[in-house]
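Keep in mind that this is a model prediction, so the values were computed, not measured. Heavy atoms only: backbone and side chains are in, while hydrogens, waters and symmetry mates are out.
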Amino acid sequence: MSDENRSSKRTDWHALSIERTAAQLGVNPKSGLTQAEFEKRQAEFGPNRLEGKAGKSPLLRFIEQFNQPLLYILIIAGAMKFLLSEEGWGSANGWVIWGVVLINAIVSFAQETKAENAIAALSSSIETEATLYRDGEKRQVPSSEIVPGDLVILTSGDKVPADLRLVETKNLQVNESGLTGESTAVEKQMQPVEEKAPLADRRCMAYAGSFVTSGQGLGLVVAIAKDTETGRLSQLMEKQTNLITPLTRKFDKFSRQLLYIILGVAALTLAVGLGYAEDFTAESINKVFEATIALAVSAIPEGLPAVVTVALAIGVSRMASRHAIIRKLPAVETLGSATVICSDKTGTLTENQMTVQEIYAGGQPYQVLGTGYTPEGDICHDNQAIDLDQHPTLRDCLRAGLLCNDSHLALEDDRWKVVGDPTEGALLVSSRKAGFTLAQLNAELPRQDVIPFESEYQYMATLHRGQHETEAVIYMKGAVEAIVSRCDQMLDAQGQPHPIDAKEIHHQAENMASSGLRVLALARKTPSRSQVDHEDVAEGLVFLGLQGMIDPPRQEAIRAVEACQNAGIRVKMITGDHKVTASAIAAQMRLKRTGEVIAFTGAELGEMSPDDFVRAAEDGVVFARVAPEQKLRLVEALQSQGDIVAMTGDGVNDAPALKQADIGVAMGQTGTEVAKEASDMVLTDDNFASIEAAVEEGRTVYRNLIKAIAFILPVNGGESMTIVISVLLDRLLPILSLQVLWLNMINSIAMTVPLAFEPKSKQVMEQPPLSPNRPLLNKCLLQRIVLISLFNWILIFGVFEWVKGWDAGAQGNTEALARTMAIQALVFGRVFYLISLSQIGISLGHKLRGHAVEVAPAPVVWIGIAVTMVLQMIFSQVGFMNNLFSTAPLNLQQWGICFLIGLPMVVVATLANRIDPPNQLNETR
């Protein structure tokens, strides 16, 4: 094997003959490598194992949490407190501010998901034992010890250990659904195919990670580790950019904008404060910097990151109860913003269980009810369940499908599964629905001989003989052309023979195929001897019927797709299956655009210009026979048009697109570990309907986050306005920096977290998806924030100035008392504002307007209010808290005054709800 050939990772092995393949690999295709050559090649190529990338260390990931613009201001503010304080490093104010920074970093670090190990999962997907020839002897070795040129033996049940160019096949069938999306096992052969043949059509190749379902074969290893198709997928995954979610983008933009505003206003405050200073003593400079730091601290919503994390975590818990496991926290909100769901067909939209749906026997069509491998459902004619005894030709057709069969049904963990080929499984199930059992028929007509299915002949035949000589029969099944050409008679509905009408049979088969059904023909013949060979079935057969099967759509998936479409979400099918089959499934699921199913094949996409490709991605609803790279391109094309893309899948071939999508959704039961590790969310029940539930929860989480912002920011606005105006008017600060931190962290979190528990509203799935470009603070929300901020400023400033004018002799330290009463009055106002934002206030408002609604129960809101009041009592009534936060204890009369001053918030909040309805998240919000 030349160095040039060894370095070529993209040789089209499927297009080379066996002789040329062996020559390029430098190996004898009969005896395999020698041990010496194996050792030489292993030293050159290394082990057949995918190496994962090392993740970032926990320490580095923790340090990165401090890389946030708003935290820079708090870090500098704490440093200024240490620098200007007489206590130096003993300054409590400085440590409290830095403590807030540390808490934020810890919360953010806790939000990080575990390090990505998708590449390690890929490695385990191909790690297995392999049987091969070395020095002409058969040996069993770990798959990691395979090198290019090895001659590998494949038998039924094996996992393919590397990419192989097949040199011998005997009825070899390989399940490649995890790699290609093909729902049925692929029959392999040795002849080369065209260079441009898609992965699913390379019948002379067996790829790493796929499974042998039947037959035997020999193959030369042409690629190992990262050079395999599975390995190439791992490299595609490594190359993906780490896309940030819409929520992350909006918070980053908001943080940067807020940073510039804070810096500008803080600079203004510092300049005005220094201008008012009569001298530049340490005391006057400290006062100016206290005001500047208080402004900076008041403008930063310190509690918001913690509230966001809690809201997302609650969303995770709710989704888990609805069979959707979130692996990456921001994915909760992202799914609620999804505008497109790109779904794999096999096992996601469909049952991943071949099912006979139509039968043509005795010149009559029949419908088979039921889906999947569960042997339940009627066989109908003209929409009426039949009595099988009245349909002898149909009975014989079903018997043929059951007896001419090498597979069997098994019930495991209350789920029916097929051991063997899925196509044969469909025949087993259809006969079981008619009341036949394999054990019963095998006892009546035990098998004497068999002609295994071979691609050269396109049929399988079995010889059965009962207790009497007259009970002997040959049953055949296979491709329509192969069976009909060997038949000279067919049975009518009463089981009487007539000359065969090949034209009508082909017409019926074409009708089935146009509906996406895979069609098998069945026939019988009376044997002339005790064995069966190809010559025995070359002619003289009696045609029994056709059975048309398909991997049917899940009924619940059909409903879920409709619900998603009603919510403004487009659903697209991306599959490795055939265009006709995929289009038929899409039509059944009503995946139509402008009244028709617009479908493209991978070959058609490959011929398109970049602009045409993007248009096809937007207009198409079915993308069939696509390669993994094309799945990835489709996701990228949709994202380039501003779509938020959710990608569902379960196979290795889905992994790169799952990782690139804004949110990847993997199947928990049938999904490969590769798909799960590449995904953001895993469906534990493999049910597309769970995606609809997840979308609903995602939208609810986003709505609750907007409520949290609408609650927190007006406090920051009121505090900031109070400090700026106080400096401009050269007045004492009504609120100090540590008091601001108390309000922004402790008080805000205690009162805002209940909003994260708000239940979903009835309108949440009646609105279109949120625009990815929708700002975090839109016009209506900004008007709400300004209105509530003005009220908060009037309340804080007014109460402070009023109480500060009280008789100092009677009240003691009036400055501390004034600040305490201003804060407590603000908190009472916030309690009323919280109720107005919650479902309690919304339903009360509807009830007061005469609507027949129930007041929503919200125990968490009442718990939050109770916790808040307890904390506020500690804040003002406990001695060491008075010393730390410069507060003063209040008597009962003063508490009552604070309550009454906060009461007008009810009117202001009602007006705010008219401007910005809390439950509306559409673009007119």
Side-chain angles (χ1 to χ4, degrees), residues 96 294 297-298 302-303 711-712 714-723 726 731-752 754 788-808 810-837 861-909:
V96 170
V297 171
S298 68
E302 292 91 352
F711 182 78
I712 287 179
V715 176
N716 297 97
E719 294 165 350
S720 300
M721 290 172 64
T722 300
I723 293 168
S726 297
R731 309 288 293 181
L732 284 174
L733 292 180
I735 189 167
L736 301 177
S737 57
L738 278 190
Q739 295 169 347
V740 167
L741 281 175
W742 172 270
L743 283 173
N744 290 1
M745 283 294 293
I746 307 302
N747 183 268
S748 286
I749 291 175
M751 298 184 74
T752 312
I788 303 299
S789 295
L790 281 170
F791 178 82
N792 288 340
W793 164 66
I794 293 171
L795 189 150
I796 298 171
F797 196 84
V799 171
F800 176 77
E801 290 295 327
W802 176 50
V803 175
K804 187 166 65 71
W806 288 0
D807 180 12
Q811 302 297 332
N813 186 352
T814 54
E815 288 183 17
L817 179 64
R819 289 188 175 110
T820 304
M821 290 188 67
I823 291 170
Q824 301 295 28
L826 175 66
V827 170
F828 277 116
R830 295 187 82 187
V831 168
F832 296 126
Y833 183 46
L834 172 64
I835 293 173
S836 75
L837 275 175
V861 171
W862 297 118
I863 292 172
I865 292 172
V867 170
T868 296
M869 298 316 300
V870 169
L871 289 172
Q872 289 306 118
M873 291 183 68
I874 294 172
F875 176 74
S876 64
Q877 306 302 116
V878 176
F880 80 89
M881 296 291 282
N882 296 150
N883 294 330
L884 181 61
F885 289 98
S886 302
T887 56
L890 305 183
N891 58 37
L892 191 60
Q893 181 184 9
Q894 291 163 346
W895 279 104
I897 292 172
C898 293
F899 174 81
L900 292 174
I901 292 173
L903 201 55
M905 174 62 86
V906 175
V907 177
V908 179

Let me see the working for I865 and I835 under side chain to side chain contact (heavy atoms under 4.5 Å, CB included), right down to the final yes or no.
CA-CA 9 Å; I865 292 172; I835 293 173; 3.9 Å; yes
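- Contact record, L834 with M751: CD1-O, 3.3 Å, taken as the closest heavy-atom pair.
- Distance alone, capped at 3.5 Å, places no donor-acceptor pair between the N792 side chain and the G717 backbone.
- Summarising the geometry, atom CG belonging to L743 is positioned 12.0 Å from atom CD1 belonging to I712; distances are rounded to the nearest 0.5 Å.
- Residues W742 and L871 have side chains in contact (heavy-atom distance under 4.5 Å, counting atoms from C-beta outward).
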Stepwise side chain to side chain contact (heavy atoms under 4.5 Å, CB included) check, L826 with I735:
CA-CA 11 Å; L826 175 66; I735 189 167; 5.6 Å; no
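- In this structure, A909 and S836 approach most closely via the heavy-atom pair CB-OG, 3.3 Å.
- Taking a 6.0 Å sphere around CE of M873, one finds it holds 12 or fewer heavy atoms contributed by other residues, nucleotides or ligands.
- E719 and V740 make their closest contact through OE1-CG1, 3.6 Å (heavy atoms, listed as atom of the first residue, atom of the second, distance).
- Taking P889 as the reference, Q877, N882 meet the side chain to side chain contact (heavy atoms under 4.5 Å, CB included) condition, with sequence neighbours excluded.
- From Q893, atom CD reaches atom SG of C898 across 11.0 Å, with rounding to the nearest 0.5 Å.
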Before you tell me yes or no, could you show the steps for L903 and F828 under side chain to side chain contact (heavy atoms under 4.5 Å, CB included), namely the whole-Å CA-CA distance, both residues' side-chain angles and the distance that decides it to 0.1 Å?
CA-CA 7 Å; L903 201 55; F828 277 116; over 6 Å; no
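- Applying the side chain to side chain contact (heavy atoms under 4.5 Å, CB included) test to P734 and every residue at least two apart in sequence or in another chain returns T722, S726, I796, F797, F800.
- In this structure, W802 and I901 approach most closely via the heavy-atom pair CZ3-CD1, 4.1 Å.
- In this structure, F711 CZ and T752 OG1 are separated by 5.0 Å, a value rounded to the nearest 0.5 Å.
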Donor-acceptor pairs are to be reported for all side-chain atoms of residues 816-825 against protein atoms at under 3.5 Å, with residues two or more places apart or in another chain.
unit_1 : atom_1 : unit_2 : atom_2 : d
R819   : NE     : L733   : O      : 2.8
R819   : NH2    : L733   : O      : 2.7
T820   : OG1    : A816   : O      : 2.7
T820   : OG1    : A888   : N      : 2.9
Q824   : OE1    : Q872   : NE2    : 2.7
Q824   : NE2    : Q872   : O      : 3.1
Q824   : NE2    : S876   : OG     : 3.2

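- The side-chain heavy atoms of P714 and F791, taken from C-beta on, include no pair separated by under 4.5 Å.
- Counting heavy atoms from C-beta outward, L790 and M721 have side chains that approach closer than 4.5 Å.
- Counted within 6.0 Å of CG on L900, heavy atoms from surrounding residues, nucleotides or ligands total more than 12; the atom is thus considered enclosed.
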